[in-house]
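Right, one structure below, let's go through it.
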Amino acid sequence: QVQLEESGGGLVQAGGSLRLSCAASGRGISDYDMGWFRQAPGNEREFVTLISRSGITTKYADSVKGRFTISRDTAKNTVYLQMNRLQVEDTAVYYCAADAHNSRARASSAYEYWGQGTQVTVSS
């Protein structure tokens, strides 16, 4: 099984950028669809983006389309989330997740493995 560890969160002003990293160990990220989710206080965990195991297919939530970009480096076994033009509404704990069943799903229930999360706070 794979272990996931997120990093790169922090405090940024609205309009700024952050890049999150998700370092995988135990298995290669090419064995999984990899997703990013986020959860704000009082809210359910929501889908942000995913990249398929082939690296060919990506999907984005409408709220981040055009601002966020998912990518991966298989040599480093790491998935990235580049977040630009950040908004206060992007404030949340961001989680990396892995899906072994190639479902390319937006539902969090499809993902078997999760990191511990990294806090992103966007100030106005």
How long is the gap from OG on Ser108 to CG on Asp99, to the nearest 0.5 Å? 11.5 Å
Give me the atom names and distance for the closest heavy-atom approach of Ala61 to Phe47. CB-O, 3.5 Å
Exactly one candidate in Glu44, Glu46, Glu6 meets salt bridge (Lys or Arg N to Asp or Glu O under 4.0 Å) with Arg38; the answer is Glu46
To the nearest 0.5 Å, how far apart are CZ in Arg19 and OG1 in Thr69? 11.5 Å
Which distance, rounded to the nearest 0.5 Å, do you find between the CG of Leu81 and the CD1 of Ile51? 11.0 Å
Tyr111-Tyr95 aromatic ring centre distance below 6.0 Å: no
Cationic tip of Arg45 within the cone over Phe37's six-membered ring, i.e. under 6.0 Å and within 45° of the normal? no
Gap separating the CG atom of Leu50 from the CZ atom of Arg106, nearest 0.5 angstrom: 7.0 Å
For Glu5, I'd like to know if atom CD has over 12 heavy atoms of other residues, nucleotides or ligands within 6.0 Å. no
Between Cys96 and Leu4, what is the shortest heavy-atom contact and its length? O-CD1, 3.7 Å
Pick from Val48, Leu20, Val122: which one makes a side chain to side chain contact (heavy atoms under 4.5 Å, CB included) with Met83? Leu20
When you compare the side chain of Arg27 with that of Tyr113, does any pair of heavy atoms fall below 4.5 Å? no
Can you name the closest pair of heavy atoms from Ala98 and Val2 and give their distance? CB-CG1, 4.0 Å
Less than 4.5 Å apart, any side-chain heavy atom of Val120 and any of Tyr94? yes
So do the side chains of Asp33 and Asn102 get within less than 4.5 Å of each other, counting heavy atoms only? yes
Check the pair Gln119 / Thr91 against side-chain contact (heavy atoms from CB on, under 4.5 Å), numbers first and verdict last. CA-CA 8 Å; Gln119 176 71 47; Thr91 295; 4.1 Å; yes
Please say whether more than 12 non-hydrogen atoms of neighbouring residues, nucleotides or ligands are located less than 6.0 Å from CD in Gln116. yes
To the nearest 0.5 Å, what is the distance between CZ (Arg53) and CE (Met34)? 11.0 Å
Do Glu112 and His101 have side chains that get closer than 4.5 Å, going by heavy atoms? yes
According to a 4.5 Å side-chain heavy-atom criterion applied to Ile, Leu, Val, Met, Phe, Trp and Tyr, with indirect links allowed, do Leu86 and Val93 form part of one hydrophobic cluster? no
Closest heavy-atom contact between Ile29 and Asp73? CD1-O, 4.0 Å
Euclidean distance, Gln13 CD relative to Ser124 OG, rounded to 0.5 Å: 9.0 Å
I'd like to check Cys22 versus Tyr80 (side-chain heavy atoms, cut-off strictly below 4.5 Å). Are they in contact? no
Are the side chain of Arg104 and the backbone N or O of Lys59 linked by a donor-acceptor pair below 3.5 Å? no
So which heavy atom on Ser21 is nearest to which on Thr78, and how close? CB-CG2, 4.1 Å
